[in-house]
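Just below is one structure, and these are the notes that go with it.
In what follows, chains are A, B, ... by sequence order, proteins preceding strands, each numbered from 1. Here the structure is a predicted model, which is why all the values come from computation and not from measurement.
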Amino acid sequence: MERLKTALSYILIVVIILSLAVVLILSVGSDVPKSFMSFFRGIFGSLYGFSEVLVRATPLILAGLGVSIGFRTGFINIGAEGQIYWGAIAVTTTAYLFPGLPALIAIPLGIVAGFVAGGIWALIPGYLKARFGISEVINTIMFNYIAINILGILVRTVLKDPEYPLPMSSKLPNGFIFPLLMYPTRLHLGFLIALIAMVLVYVLMWKSSPGYKLRVVGLNQRASLCSGIPVKKYIVFSSLLSGGFAGIAGVGEIAGIHYKLLEGFSPGFGYVAIIVALLGKNNPFGVAAAGLGIAALQVGSLSMQRQAGVPASISWIIMGSIVLLILARSTLLTFFAEKEKEKKV
Amino acid sequence: MSTNSILLMKDIDKYFFGKAANDKVSLEVKPGEIHALLGENGAGKTTLMNILYGIYQRDGGRITWKGEEIHFDSPREAIDNRIGMVHQHFMLVPTLTVSQNITLGLKSEGHPFPNRRSIDEKIRELLSAYDVHISPTDKVSSLSVGGEQWVEIIKLLYRNAELLILDEPTAVLTPQETKRLFKVLEKLRQEGHSVIIITHRIPEVLEITDRVTILRDGRNVATVHTSETGSVELSHYMIGRELKTISRTPNTVCPHEEGLGLDELAVEENGRNVLGPLSLSVRKGEMIGIAGVDGNGQKYLAEAVLGVRDCSAGKVRLLGGDASSASIQQRKDMGLGYIAEDRQNDALIMDMDMRENVLLRMYSKREYVKSGFIKYANVDETAKEMIDTYNIKTAGIGKPVRYLSGGNQQKLILARELAGSPPVIIAFHPTRGLDIGATEFVRQKLLERRASGSSILLISADLDEIFALSDRIAVLFHGKIMAVLENDGNVDVNYLGRLMAGEAAESGSDSRRVE
């Protein structure tokens with residue numbers, strides 16, 4: 001009975017979303033079947049389209065994993081965007097400092113640098129929360145602005161490509177660039193790293209003792225304290241991990257897609273990562289699925305825009321509605337269950 | 001019979017999530033009667049009263065009040081019909097005065113600008129009529145717990161309640177305060193009020209009530225005249241069998257060695273001294289009971305020994321060694337078992353399953369965690385052993401402990417904290433909220449640990465428990481130890497009560513104190 005209700009509620013969500021899409025498509029005067037066709041053709045119609053889904057999902061999964069670790073421990077990390085930026089800055093800087101390294105050393109070094117930079121960027125609000133009880137929500141949001149603008153300064157000054165008038169760095173040395181996995185598509189090593197990270201996070205959180213303590217701290221700080229877990233240390237630790245994975249997402253975007261540091265390289269991956277973590281219920285496999293889903297939604301609607309003239313903006317409206325419905329689902333279910341019970345009495 | 005009853009609840013049903021909390025329960029109260037509603041925790045007593053009071057809506061049955069069938073949607077309607085209830089957790093605003101609390105929600109004369117002075121006068125009369133020494137202008141925050149209860153009762157009388165419902169009124173009182181409460185109840189009875197007392201304490205039922213209705217598992221067991229019954233019969237009704245008396249054997253293990261020592265221990269909070277300085281030495285194989293009204297520093301004491309709270313001065317000794325600067329983890333590794341007062345917040349992770357809750361004390365042991373990885377197979381095995389030895393009723397070790405009953409949650413904590421035979425144990429309200437069966441079990445386990453040489457600090461608000469289990473009794477008042485008494489069977493309860501109320505130990509009236 002419960003299962004049936006759950007299944008029905010998800011079917012209902014799909015129906016609502018589909019009708020919403022139909023209404024939106026009709027309201028811009030496009031043809032519904034053609035729009036849907038082009039949506040799915042965009043995702044599954046070609047190898048390139050499908051690879052684009054994976055490319056888009058890569059930063060979402062990595063940053064989403066980071067955010068989910070924070071959420072599990074009670075560190076509400078809204079600052080993945082800033083941490084992504086620091087990962088990007090870190091890999092670029094490392095590449096500038098050690099341009100001649102071979103790929104076998106350069107790529108891991110870049111990833112580690114990104115992890116550390118993103119991690120430290122999150123660790124500051126983490127420490128402020130643990131030590132002084134200052135809200136990490138506010139701090140991580142504010143840190144986004146700081147990180148984004150530090151990058152802006154860097155690409156105009158020390159990291160600027162002197163041979164080019166625009167504010168961007170010169171191309172990364174070859175050793176630091178992620179190899180492509182499926183030429184001629186843009187699918188790069190980052191996607192594999194995201195999958196490895198997914199498994200790593202699972203093992204860390206569910207098989208290891210530090211991960212267990214992180215989860216315990218997230219569920220009940222008081223009991224953690226009474227059992228002897230140094231709660232504050234683990235909050236700081238979780239902020240480091242959380243920012244670290246987001247940092248790797250930044251590395252992937254620079255070393256796998258753009259090959260140089262530039263402003264606005266992330267169209268808000270760090271914010272969408274929060275949605276990814278929420279939809280994935282802070283479970284690493286769920287996060288990966290949610291990341292792929294949202295990436296597919298975006299790729300599909302871009303194709304819809306090209307082929308059927310429907311503005312891609314509707315993908316954001318749809319995404320917002322999906323999140324709203326899924327989060328409201330369980331609350332509404334209990335609400336209606338109680339109503340029903342009252343009627344019976 | 002029912003013609004002269006003031007309240008008749010007939011065949012009341014109430015279901016929570018499909019489970020019956022009340023199953024065709026009936027209750028009849030006569031005018032001018034003190035009626036006990038007796039039963040274990042979870043027997044459905046409070047649920048039944050909450051239905052009468054309009055907090056819950058019944059799923060079936062009828063309620064007749066003064067000959068009319070009624071249905072209250074909210075407590076306000078119950079109060080308008082002159083039924084009043086004092087909850088176990090008081091509903092007072094601490095920053096307001098006594099008189100403001102009493103008139104809260106009423107439209108007094110002159111509303112919205114009531115004449116506070118004349119109201120105060122009226123309340124003062126009421127207070128002195130019942131011999132309650134509280135001023136209407138006192139802030140509620142300045143009152144003791146017993147004082148707050150008086151405010152709650154006077155609040156009902158001010159609203160002309162004819163029927164008063166008291167939910168476990170003696171739980172927070174010293175023996176003397178209990179006596180005074182009973183005197184007032186006596187007076188209320190003479191004035192024609194009816195009183196329902198919810199309780200699980202049989203001696204109180206026998207002392208004060210006229211009739212008693214016993215509930216078990218949400219059903220009526222019996223209704224009897226108090227004068228025609230006794231404690232054996234009542235406990236039979238209540239738990240379906242006789243109460244086992246717990247017997248303590250003399251401490252023979254290591255009567256001279258110390259397990260837990262407190263040396264001039266003091267705790268400050270916001271620069272204010274809240275505990276001590278106090279010294280206490282618990283020997284091996286000894287249980288010391290900390291008696292005292294709740295909120296007199298028990299929590300600070302337990303937390304300081306565990307290490308959750310830093311002590312501002314003094315030392316904690318564990319097994320002879322100084323543990324004052326040891327972390328909680330180190331203290332636990334030295335062999336400190338901690339049975340927390342608040343199961344759901346301090347001891348368990350409600351949304352984790354049984355084995356992960358067991359792991360909460362084991363994660364530093366090699367047997368369960370090797371090079372950072374948890375050996376779930378070993379944890380499972382230990383959890384299963386605990387389920388067997390402690391007879392924990394669970395739907396499975398993979399189910400969140402949220403779904404265990406309170407008694408089984410406590411058994412799990414006990415199993416976990418007593419695993420590995422810790423030489424020092426803090427048992428903080430170990431049986432609070434448990435039914436009689438579970439209570440007996442917990443006490444038995446503590447005595448077993450004591451017999452095998454553990455030093456146990458038993459902090460409890462239940463004096464019967466302190467008397468039954470401890471070798472010595474230390475009385476805590478305002479963070480200080482008033483006296484340490486040998487529990488040799490001759491401790492005067494009145495004397496203990498005076499100590500708990502902070503009356504100086506050397507007040508001469510007791511022969512055991514020599515000046």
Check against side chain to side chain contact (heavy atoms under 4.5 Å, CB included), B:Gln57 and B:Asp73: CA-CA 7 Å; B:Gln57 302 308 315; B:Asp73 281 325; 3.6 Å; yes

Evaluation steps, side chain to side chain contact (heavy atoms under 4.5 Å, CB included), between B:Met9 and B:Arg58: CA-CA 11 Å; B:Met9 301 180 81; B:Arg58 58 183 186 260; over 6 Å; no

Expected output: side-chain B:Ser324 to main-chain B:Val316 donor-acceptor under 3.5 Å: yes

Exam field: side chain B:Thr394 to backbone B:Gly396, donor-acceptor pair closer than 3.5 Å: yes

Over-ring placement of A:Lys5 relative to A:Tyr10, 6.0 Å and 45° cut-offs: no

Residues B:Asp13, B:Lys24: salt bridge by 4.0 Å N-O rule: yes

Donor-acceptor pair, side chain of B:Gln330 and main chain of B:Ser327, under 3.5 angstrom: yes

Any donor-acceptor N or O pair under 3.5 Å, side chains A:Ser239, A:Tyr127: no

Structural part of B:Ile374 lying under 4.5 Å from a heavy atom of chain A: both

Greater than 12 external heavy atoms within 6.0 Å of B:Lys375's NZ: yes

Side-chain donor or acceptor of B:Gln298 paired with backbone N/O of B:Ile459 under 3.5 Å: no

Close approach to chain B in residues 59-79 of chain A, criterion heavy atom under 4.5 Å: none

Any side-chain heavy-atom pair of B:Leu52 and B:Leu48 under 4.5 Å: no

Derivation and outcome, side chain to side chain contact (heavy atoms under 4.5 Å, CB included), residues B:Leu457 and B:Ile290: CA-CA 7 Å; B:Leu457 195 63; B:Ile290 302 287; 4.0 Å; yes

Check: B:Ser364/B:Gln329 side-chain N/O donor and acceptor closer than 3.5 Å: yes

Residues in residues 198-233 of chain A that sit under 4.5 Å from chain B, counting heavy atoms only: A:Val203, A:Trp206, A:Lys207, A:Ser208, A:Ser209, A:Pro210, A:Tyr212, A:Lys213, A:Arg215, A:Val216, A:Leu219, A:Asn220, A:Arg222, A:Ala223, A:Leu225, A:Cys226, A:Ser227, A:Gly228, A:Ile229

Results of ring pair (Phe, Tyr, Trp, His ring centres under 6.0 Å) for B:Tyr53 - residues two or more places apart only: B:His87

Interface residues of residues 340-360 of chain B facing chain A - heavy atom cut-off under 4.5 Å: B:Gln344, B:Asn345, B:Asp346, B:Ala347, B:Leu348, B:Ile349, B:Asp351, B:Met352, B:Glu356, B:Leu359, B:Leu360

Residue part contacting chain A, namely of B:Tyr376, when any heavy atom lies under 4.5 Å: side chain

